[in-house]
Amino acid sequence: MKIAFFSTADYDRQWFESGKSHHTITFIEQPLTAQTAQLAAGHQAVCAFVHDDLGGSVLRLLKELGVGVIAMRCVGLDNVDQETASELELAVLTVPAYSPYPVAEQAAALLLALNRHLPAANQRVLAGDFTLNGLIGQDIHGKTVGIIGTGRIGRAFARIMLGFGCRILAYDLKPNLALVKAGVRFVRLNTLLEESDIVSLHCPLTPHTEFLINNQTLQSMKPTALLINTGRGKLVDTSAVLDALDQGQLAGYAADVYTRESAWFHRDFTDQPITDEVLNRLRFHPRVLLTAHQGFLTQEALQQIAATLLNQLSFYENSQLRHITRSSMC
Ligand code: NAI
């Protein structure tokens with residue numbers, strides 16, 4: 001199968017190239033947009049990522065070009081217009097089962113680094129300043145951690161935080177029995193926000209969870225609380241979070257995602273102005289720690305993503321062949 005692979009980074013090339021078997025992959029560095037969709041001409045499949053545009057108009061362009069399958073190398077499908085995809089009979093493949101540990105560990109790393117001011121501490125050491133004023137953190141042990149969304153990643157994060165000796169509160173549409181047995185208490189969202197010292201977001205972005213953390217919900221949180229977001233940027237009203245930090249209603253925010261990240265993340269702007277004022281407020285806020293959507297970025301996860309997606313593409317290809325053979329026999 002010929003695969004047009006959009007938003008290619010060097011790390012993608014390594015794993016997809018070594019696992020591609022009989023497939024032919026055209027690696028394209030540009031993101032998939034209405035302007036670049038034409039590059040998929042002559043390919044049966046498109047492989048895309050979180051920042052690619054898979055809205056209705058782009059899907060229609062791809063269908064006209066003869067693309068039959070969209071392979072998403074990520075978990076969330078929030079950037080895919082799934083209604084239009086099914087209307088056009090475009091198959092959408094995803095990687096539902098890659099390891100949850102890299103993202104759960106990224107959430108834990110962000111929490112620890114934010115709490116102990118590690119970026120600032122390292123900057124001081126690099127500058128030859130070995131003083132400690134302003135670097136005081138808190139013990140994580142004994143704190144109450146609120147986890148919103150206890151799917152695969154939320155559960156892995158819960159187990160990490162149980163290991164730290166934390167009390168865990170959780171909120172999910174479907175409470176998880178194994179977590180309850182491990183000592184996690186499922187509560188209402190408001191109770192979680194009111195009682196937690198640390199709140200971590202692990203639910204998908206849906207119309208129900210968009211801006212789940214907003215002016216109103218922030219008021220329910222403790223002013224000493226730390227908020228961690230490795231889910232999706234739009235789970236949080238970023239301006240409301242920045243205002244809460246400035247007004248002393250929240251103690252810190254660490255995120256791997258940002259509301260308008262598709263315009264910025266995974267590209268190098270060191271020689272260009274960054275014109276997004278909210279992003280600039282986040283980048284330079286003393287109580288914010290931001291990474292550019294790298295939660296999935298471990299060797300194990302990259303290998304699993306490539307292997308799972310290429311297997312699914314082979315399976316799809318075989319099922320299409322079986323379908324054609326059956327039709328020609330009838
Ligand atoms: P999952 O599907 O295993 O779990 C999601 C959980 O959220 C489920 O238990 C579901 O019942 C719950 N949920 C759904 N709607 C909810 C709501 N309104 N309120 C509370 N809970 C709700 O998904 P998984 O694998 O744990 O991933 C979670 C999210 O993490 C993904 O949707 C994605 O947005 C994000 N993610 C981020 C990555 C990164 O690199 N930063 C990488 C992979 C995923």
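Indexing begins at 1, ligand by ligand and atom by atom, following the structure's order.
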OG1-CD1 distance between T217 and I213, expressed to the nearest 0.5 angstrom: 4.5 Å
For V103, atoms of ligand 1 separated by under 4.0 Å from a heavy atom: 38 (C), 42 (C), 43 (C)
Which segment of T209 sits under 4.0 Å of ligand 1 when only heavy atoms are counted: side chain
Nearest-contact summary for atom 33 (C) of ligand 1 - protein heavy atom, Å: R232 NH1, 3.6 Å
Atom indices of ligand 1 within 4.0 angstrom of C203 heavy atoms, with elements: 7 (O), 21 (N), 22 (C)
Mode of Q106 contact toward ligand 1 - side chain, backbone, both, neither (heavy atoms, under 4.0 Å): neither
Nearest non-hydrogen protein atom, atom 28 (C) of ligand 1: H202 O, 3.3 Å
contact_flag P100 ligand 1 heavy-atom lt 4.0 Å: no
Verdict with reasoning, R188 to E194, per salt bridge (Lys or Arg N to Asp or Glu O under 4.0 Å): CA-CA 10 Å; R188 293 162 66 93; E194 281 166 13; over 6 Å; no
Ligand 1 versus L297: contacting region, heavy-atom distance under 4.0 Å: neither
Nearest non-hydrogen protein atom, atom 35 (C) of ligand 1: G231 O, 3.5 Å
Protein non-hydrogen atom below 4.0 angstrom of atom 2 (O) of ligand 1 present: no
Pair Y253 and H285, ring centroids less than 6.0 Å apart: no
Aromatic ring proximity, centroids under 6.0 angstrom, F16 and F5: yes
Atom 4 (O) of ligand 1 [closest protein heavy-atom partner, distance rounded to 0.1 Å]: G151 CA, 3.1 Å
Pair F265 and F49, ring centroids less than 6.0 Å apart: no
Per-atom contacts, ligand 1 versus G295 - under 4.0 Å to a heavy atom: 40 (O)
Closest protein heavy atom (residue, atom, distance) for atom 25 (O) of ligand 1: R152 NH2, 3.0 Å
Location of contacts on I153 toward ligand 1, heavy atoms closer than 4.0 Å: both
Atom 13 (N) of ligand 1 - nearest protein heavy atom and its distance: P204 CD, 3.7 Å
Heteroatom distance test (K174, ligand 1): nitrogen or oxygen, under 3.5 angstrom: no
Within-cut-off N or O pair, T206 and ligand 1, under 3.5 Å: no
Nearest neighbour in protein (non-hydrogen) for atom 37 (C) of ligand 1: T230 O, 3.1 Å
Nearest option to atom 12 (C) of ligand 1, as decided by whichever heavy atom of D172, L201, L205, V257 sits closest: D172
Non-hydrogen atoms of A158 and I168 that approach each other most closely: O-CD1, 4.1 Å
Audit row: T230, H293, side-chain hydrogen bond (donor to acceptor under 3.5 Å, both in side chains) steps and yes/no: CA-CA 8 Å; T230 55; H293 205 138; over 6 Å; no
Atoms in ligand 1 flagged as close to G149, the criterion being non-hydrogen separation under 4.0 Å: 7 (O), 21 (N)
Sidechain N-carboxylate O distance under 4.0 Å for D246, R281: yes
Y258 and W264: CA distance, side-chain angles, deciding distance, ring pair (Phe, Tyr, Trp, His ring centres under 6.0 Å) verdict: CA-CA 9 Å; Y258 166 59; W264 306 100; 8.6 Å; no
Those atoms of ligand 1 less than 4.0 Å from some heavy atom in D256: 39 (C), 40 (O), 41 (N)
Least distance between heavy atoms, C203 atom then T209 atom: SG-CG2, 3.9 Å
Nearest heavy-atom neighbours spanning A120 and L135: CB-CD2, 4.3 Å
Nearest-neighbour protein heavy atom for atom 43 (C) of ligand 1, which is reported as residue plus atom name and distance: Y98 OH, 3.4 Å
Within-cutoff protein neighbour (heavy atom, under 4.0 Å) for atom 23 (O) of ligand 1: no
Ion pair R167/E195, N-O distance below 4.0 Å: yes
Subset of ligand 1 atoms that lie under 4.0 Å from at least one heavy atom of F296: 40 (O)
T144 (side chain) donor-acceptor with D197 (main chain) under 3.5 angstrom: no
Salt bridge (Lys or Arg N to Asp or Glu O under 4.0 Å) assessment of R232 paired with D256: CA-CA 8 Å; R232 283 290 183 264; D256 188 42; over 6 Å; no
N or O pair under 3.5 Å between I148 and ligand 1: no
D78 side-chain N/O to L205 backbone N/O, donor-acceptor pair under 3.5 Å: no
